[in-house]
S.K.: 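Handing you this structure, nothing more for now.
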Amino acid sequence: MARLIKLAQPGYDVNTTGDENLIYSSQWPLMPIAYQGSFTIPDVTVKTTIFEHKLGFVPAFWFFTNDTIDAWQNGSGVSLVKDNRSEFFGPTGGGHIGINESKLQFVPTSFTEIGSLTIYYYIFTIDITKLFQAPITKVGSTSGARGDRGVFKVAKTGKDVSSHNLSDFIIHSDCRSPLLHMVQPGVASTTANHKLGYSPMFFCYVENYSNTEPGFYELVPSASGGSSFLNSDINNVTYQTTGTTNKTSIVVLKDPFLVSSSRSVTI
Amino acid sequence: MRTFRLVKPGARVRNPRIGDIIASNTYPTPKIWTKASPAHAGTIFVNWQSSLAIAFGVTKLIDSFPHGFKYVPSAFATFKFDNGSLKREGVLPLQVGALGMILVDADAVNINLKYYSFDITSTTVIPPFTLTARYYIMVEPGL
């Protein structure tokens with residue numbers, strides 16, 4: 001019989017609390033990062049290997065770009081403000097970033113501008129070609145009224161557990177982590193029926209999405225136009241497309257928070 | 001060196017397959033600091049009702065607040081967008097027709113919600129919309 005290990009946020013009863021108040025559970029992964037790093041593509045007109053992960057499966061990945069060249073636009077060359085910044089799934093100078101079983105790479109396209117591009121990448125240990133569904137225990141709970149004293153923390157290999165730098169830890173009870181809820185592989189149009197009851201964080205990967213590199217999965221932007229679109233609601237994440245047989249994968253995360261902090265802006 | 005490792009129920013804890021690892025001190029995970037102020041997870045409600053046209057190539061700052069780190073962290077946001085005729089949910093960035101892009105980014109000081117225009121006419125009024133952006137700022141670097 002497999003044993004279950006759960007760790008709840010300080011102040012919550014581990015026996016009754018919902019998904020959103022668990023720091024971790026052995027029923028679902030914490031999005032372990034296999035590799036991460038910064039890489040500068042010296043010339044965005046040249047196909048470039050960013051990192052050879054050699055994991056032997058297609059892993060989930062994120063990338064953040066520091067735009068120093070042209071950004072999302074309709075093909076004309078206009079740059080964003082050239083400040084030092086990080087944008088998730090940000091501009092790539094017109095090229096495409098994709099991953100397969102062995103490497104993460106950049107492929108230029110006909111709209112590629114000139115110059116270099118710096119990205120920060122995360123490659124996870126999650127195989128996006130393998131179906132995975134975590135159970136939903138429940139959402140919402142009452143506090144266990146056990147107080148919030150004490151800290152639970154596990155340091156990274158080579159780091160000191162007494163460190164005050166939160167990035168030195170893999171688990172820290174002062175932090176919450178996105179939790180993997182579902183991996184839904186498919187072919188062409190795919191729906192991840194997550195049943196979470198709220199619109200979750202998700203990422204959609206499509207093999208050869210830009211028709212530049214067969215075998216390589218790319219992140220798909222939300223609400224795409226043309227022949228495909230990506231959308232979500234409280235029960236499903238849906239990728240719809242026509243005219244392709246490309247492999248697809250939707251990765252859905254459990255929301256780590258019942259968010260109470262809010263800001264309002266009127267323009 | 002000691003190893004801390006949790007694996008999926010039923011998987012072997014010694015020499016596990018990498019995909020069976022729930023947590024391990026060999027593999028860090030993205031983390032969101034719960035004690036940050038301003039909060040590192042929250043919601044931004046945007047009510048865009050103005051008759052604004054934004055010139056091609058211009059970035060308009062919608063909202064900004066400090067993250068408190070001494071480096072550029074990583075951040076992303078989910079969204080709900082509604083302009084009356086189009087309702088969409090997803091993860092930013094969001095392309096708004098042929099006019100512009102709504103995005104979230106981090107710099108050395110702040111987390112920013114921005115609108116970047118690629119309106120080639122520079123004169124098209126952006127149709128009113130509401131946007132709910134649910135953001136997450138992670139301890140891990142973004143640059």
S.K.: Does the side-chain contact (heavy atoms from CB on, under 4.5 Å) test come out yes or no for A:I171 and B:F4, once each step is laid out?
M.R.: CA-CA 11 Å; A:I171 296 173; B:F4 173 89; 4.2 Å; yes
S.K.: What part of A:P200 gets within 4.5 angstrom of chain B, counting heavy atoms only: side chain, backbone, both, or neither?
M.R.: backbone
S.K.: If you count heavy atoms of other groups shown closer than 6.0 angstrom to CZ of B:R12, is the number above 12?
M.R.: yes
S.K.: Testing the basics here: between B:P30 and A:P178, what is the closest heavy-atom pair and its distance to 0.1 Å?
M.R.: O-CD, 3.5 Å
S.K.: Is the A:F203 to B:F76 ring centre distance short of 6.0 Å?
M.R.: yes
S.K.: Once salt bridge (Lys or Arg N to Asp or Glu O under 4.0 Å) is applied, do any residues pair with B:E140, and if so which ones, sequence neighbours excluded?
M.R.: B:K31
S.K.: Hey, which residues of residues 160-169 of chain A are touching chain B, say heavy atoms under 4.5 Å apart?
M.R.: A:L166, A:S167, A:F169
S.K.: For B:V72, is it the side chain, the backbone, both, or neither that has a heavy atom closer than 4.5 Å to a heavy atom of chain A?
M.R.: side chain
S.K.: Relative to chain A, which segment of B:L113 carries a heavy atom at a distance below 4.5 Å: side chain, backbone, both, or neither?
M.R.: neither
S.K.: Check whether B:A75 gets within reach of chain A through its side chain, its backbone, both or neither, counting any heavy atom under 4.5 Å.
M.R.: backbone
S.K.: Any idea which heavy atoms bring B:T29 and A:I170 closest together, and the distance?
M.R.: OG1-O, 2.9 Å
S.K.: If you tally heavy-atom pairs under 4.5 Å against chain A, which of B:D63, B:L92, B:V46, B:N110 wins?
M.R.: B:D63
S.K.: At a heavy-atom separation under 4.5 Å, does A:Y121 approach chain B through its side chain, its backbone, both, or neither?
M.R.: neither
S.K.: Any carboxylate oxygen within less than 4.0 angstrom of a Lys/Arg side-chain nitrogen, looking at B:K35 and A:D174?
M.R.: yes
S.K.: Can a cation-pi geometry be assigned to B:R134 and A:Y198, taking NZ or CZ under 6.0 Å from the six-membered ring centre and within 45° of the ring axis?
M.R.: no
S.K.: Under a 4.5 Å heavy-atom cut-off, does chain B meet the side chain of A:F63, its backbone, both or neither?
M.R.: neither
S.K.: Determine the minimum heavy-atom distance between A:S262 and B:F45, stating which atoms define it.
M.R.: CB-CE1, 3.7 Å
S.K.: Looking only at heavy atoms, what is the nearest atom pair of A:F57 and B:I18, with distance?
M.R.: CE2-CG2, 3.2 Å
S.K.: Going by heavy atoms in the side chains, are B:Q95 and A:P221 under 4.5 Å from each other?
M.R.: no
S.K.: Considering residues at least two apart in sequence or located in another chain, which fulfil the side chain to side chain donor-acceptor pair (under 3.5 Å) criterion with B:S64?
M.R.: B:N112
S.K.: What is the minimum heavy-atom distance between B:A41 and A:S261, and which atoms define it?
M.R.: O-CB, 3.8 Å
S.K.: For the interface with chain A, which of B:P73, B:G90, B:A39, B:A108 has the highest count of heavy-atom pairs at distances below 4.5 Å?
M.R.: B:G90
S.K.: For the atom pair CD1 (B:I32) and CZ (A:R176), what is the distance rounded to the nearest 0.5 Å?
M.R.: 8.5 Å
S.K.: Which is it for A:R85 and B:D105 under the salt bridge (charged side-chain N to carboxylate O under 4.0 Å, His left out) test, yes or no, and what are the steps along the way?
M.R.: CA-CA 7 Å; A:R85 66 186 197 94; B:D105 70 15; 2.6 Å; yes
S.K.: Non-hydrogen atoms of chain A under 4.5 Å away: do they reach the side chain of B:S74, the backbone, both or neither?
M.R.: both
S.K.: side-chain contact (heavy atoms from CB on, under 4.5 Å), that's the test. Do A:K159 and B:N25 meet it? Break it down for me.
M.R.: CA-CA 10 Å; A:K159 298 298 182 182; B:N25 59 352; over 6 Å; no
S.K.: Could you note down all residue pairs passing side-chain hydrogen bond (donor to acceptor under 3.5 Å, both in side chains) where residues 47-57 of chain B supplies at least one of them, sequence neighbours left out?
M.R.: B:N47-B:Q49
S.K.: Which atoms of A:L55 come close to chain B, meaning under 4.5 Å heavy atom to heavy atom: side chain ones, backbone ones, both, or neither?
M.R.: side chain
S.K.: Is chain A contacted by the side chain of B:P141, its backbone, both, or neither, given a heavy-atom distance below 4.5 Å?
M.R.: both
S.K.: What part of B:L6 is in contact with chain A, defined as an atom under 4.5 angstrom from a non-hydrogen atom: side chain, backbone, both or neither?
M.R.: side chain
S.K.: Can you say whether B:T132 sits under 4.5 Å from chain A via the side chain, the backbone, both, or neither, judging by heavy atoms?
M.R.: neither
S.K.: Rounded at 0.5 Å granularity, tell me how far CG in A:L253 sits from OG1 in B:T78.
M.R.: 10.5 Å
S.K.: For A:S86 and B:A106, indicate whether the former's side chain and the latter's backbone hold a donor-acceptor pair under 3.5 Å.
M.R.: no
S.K.: How long is the straight-line distance from OG1 of A:T238 back to CD of B:E89, given to the nearest 0.5 Å?
M.R.: 10.5 Å
S.K.: Which pair of heavy atoms, one from A:I33 and one from B:Y27, lies closest together, and at what distance?
M.R.: O-CD2, 3.3 Å
S.K.: Are the side chains of B:R88 and A:S222 in contact, using a 4.5 Å heavy-atom criterion?
M.R.: no
